[in-house]
Number of protein chains: 2
Amino acid sequence: MEHRKLNEIIETYTSSMNEVNRRVNVLMNEQVHQELTTDQFSTLRFLQKKQPCTSSDIAHEFSIGKSAVTAQVNRLYERGLIDRKRDQDDRRIVYLSLTAEGKKLMEDGTQKLYDVLGDILLEFDSNEIETFIQSLEKLVRILREN
Amino acid sequence: MEHRKLNEIIETYTSSMNEVNRRVNVLMNEQVHQELTTDQFSTLRFLQKKQPCTSSDIAHEFSIGKSAVTAQVNRLYERGLIDRKRDQDDRRIVYLSLTAEGKKLMEDGTQKLYDVLGDILLEFDSNEIETFIQSLEKLVRILREN
DNA sequence: TATAATAGTTCACCCATTAAACTATTCATT
DNA sequence: AATGAATAGTTTAATGGGTGAACTATTATA
């Protein structure tokens, strides 16, 4: 019974998480990203907060290899959304930052993100959302310690 | 102030959700899927519960096109994990189900999933987890109604 | 019977990822 | 100061996942 209960919770957790991710992704594609993929939007959003940063920072943030970052940055660079600049003291390092166009795109995108997710989260009362977010943060801490 | 608060919640929500997804994905790759990708594991898990079902069912479940399902099912079919069987009354329809090998793989995988996620979720007390799951389910309902 | 609709596949194209080999540069030890 | 190790990033080849349009085969309908 104790055992069965936990497995039911796990089933509910996985199916709900998957469905939330899929549906949020659809909303993002339709109303937020527009001309970007989800991964590109995530990378530019990281850059928006942490620029200037390096390829290695991005690889670490998203738990992917550096060659995957190179490929993605190349696409964004060719579209004029990202700048590359070599460090003058350590010429191995390349600093990445948003171009003016990239910055503008992400300001619009962030606003749309706030609008779309805001509509959804406003259907919770503020205690409920606070509790939910705290549990989510706890889950992150547990996973980090793992 | 009310406005700023909501946007902070959205930032916390998105970054936590992303980090949970990434870290759970890493755990799944290391300890649960093994010889499968995350998407393949999800598809086989759906099949495990809903077999026999069609390509269109899978496309609908995961919000992807039928051609994407064909590609994925081909790979699983070639590995001997999925069976295809035409409906004798309506020969347009192809029913998909797990082979014996697929079934065994997924029984093992499901047990590993329970072990890995069980360890994590047990760090919450049962009230906390219940509340969290309920909010997650509410989020799903809101997204469905959207 | 001719036309619509449906289920699934194929094709051409793109994005994301890995792993190994590589270039260029800097660091560290002798 | 020279050499060998470490670091940052790129290239390449391969795989998986996705879209959308065109296609085949089959069934439903008017």
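These numbers come from the heavy atoms of this one structure, side chains and all, not from hydrogens, waters or symmetry mates. Worth saying up front: this structure is predicted, and the values here are computed from it rather than measured.
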Please state whether the phosphate of [N], meaning OP1 or OP2, lies under 4.0 angstrom from any side-chain nitrogen or oxygen of [X].
X: A:Arg84; N: D:dT10; value: yes
X: B:Thr70; N: C:dT10; value: no
X: A:Arg75; N: C:dA16; value: yes
X: A:Ser55; N: D:dT10; value: yes
X: B:Gln72; N: D:dG16; value: no

When you get a sec, tell me which of [options] is the closest nucleotide to the side chain of [X]?
X: B:Asp90; options: D:dT26, C:dC15, D:dG9; value: D:dT26
X: A:Thr37; options: D:dG9, C:dA16, C:dG8; value: C:dA16
X: A:Ile93; options: D:dT27, D:dG9, C:dA7; value: D:dG9
X: A:Ala68; options: C:dT18, C:dG8, D:dA8; value: C:dT18

Practice problem: Using a heavy-atom cut-off of under 4.0 Å over every strand shown, decide if B:Asn29 touches base, sugar-phosphate, or nothing. | Solution: nothing
Quiz item: Across the strands shown, which category fits A:Asp57 at heavy-atom distances under 4.0 angstrom: base, sugar-phosphate, nothing?
Solution: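 No contact at all - A:Asp57 keeps every heavy atom at 4.0 Å or more from the nucleic acid.
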Quiz item: Roughly how far apart are B:Leu47 CG and B:Met106 CE, rounded to 0.5 Å?
Solution: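 Spacing of CG (B:Leu47) from CE (B:Met106) equals 9.0 Å.
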Quiz item: Mapping A:Ser63 and B:Arg86 to their closest nucleotides on DNA chain C, which lands nearer the 5' end?
Solution: B:Arg86
Quiz item: Closest nucleotide of DNA chain C for A:Arg92 versus for B:Ala71: which of these residues is on the 5' side?
Solution: B:Ala71
Please state how far atom [atom1] in [X] lies from atom [atom2] in [N], giving the value in whole angstrom units.
X: A:Asp87; N: D:dT7; atom1: CG; atom2: P; result: 17 Å
X: B:Asn74; N: D:dG17; atom1: CG; atom2: P; result: 12 Å
X: B:Gln40; N: D:dG18; atom1: CD; atom2: P; result: 10 Å
X: A:Gln88; N: D:dA8; atom1: CD; atom2: C1'; result: 15 Å
X: A:Ile58; N: C:dA16; atom1: CD1; atom2: P; result: 12 Å

Exercise. Mind telling me if D:dA5 is syn or anti? Syn here is a glycosidic angle within 90° of 0.
Key: anti
Practice problem: Using the six-membered ring wherever Trp is involved, compare the ring planes of B:Phe124 and B:Phe132 and label them parallel, tilted or perpendicular (cut-offs 30° and 60°). | Solution: parallel
Quiz item: Donor-acceptor pair, A:Thr70 side chain versus A:Lys66 backbone, under 3.5 Å?
Solution: yes
Quiz item: Under 3.5 Å, is there a donor-acceptor pair between the side chain of B:Asn25 and the main chain of B:Asn21?
Solution: no
Exercise. Would you check, one step at a time, whether the test salt bridge (Lys or Arg N to Asp or Glu O under 4.0 Å) holds for B:Glu19 with B:Arg23?
Key: CA-CA 6 Å; B:Glu19 186 163 351; B:Arg23 289 189 186 269; 2.9 Å; yes
Quiz item: Given A:Leu96, which of A:Asp83, A:Asp57, A:Ile82, A:Thr54 fulfils the side chain to side chain contact (heavy atoms under 4.5 Å, CB included) condition?
Solution: A:Ile82
Quiz item: In terms of hydrophobic clusters joined by side-chain contacts under 4.5 Å, are B:Leu136 and B:Leu122 together?
Solution: yes
Quiz item: Counting only Watson-Crick or G-U wobble pairs whose two distances fall under 3.5 Å, which nucleotide matches D:dT27?
Solution: none
Quiz item: Looking at A:Glu11 and B:Arg45, does any basic side-chain N land under 4.0 Å from a carboxylate oxygen?
Solution: yes
Which atom pairs link the protein and nucleotides 20-22 of chain C when you take only N or O atoms and keep those under 3.5 Å?
none

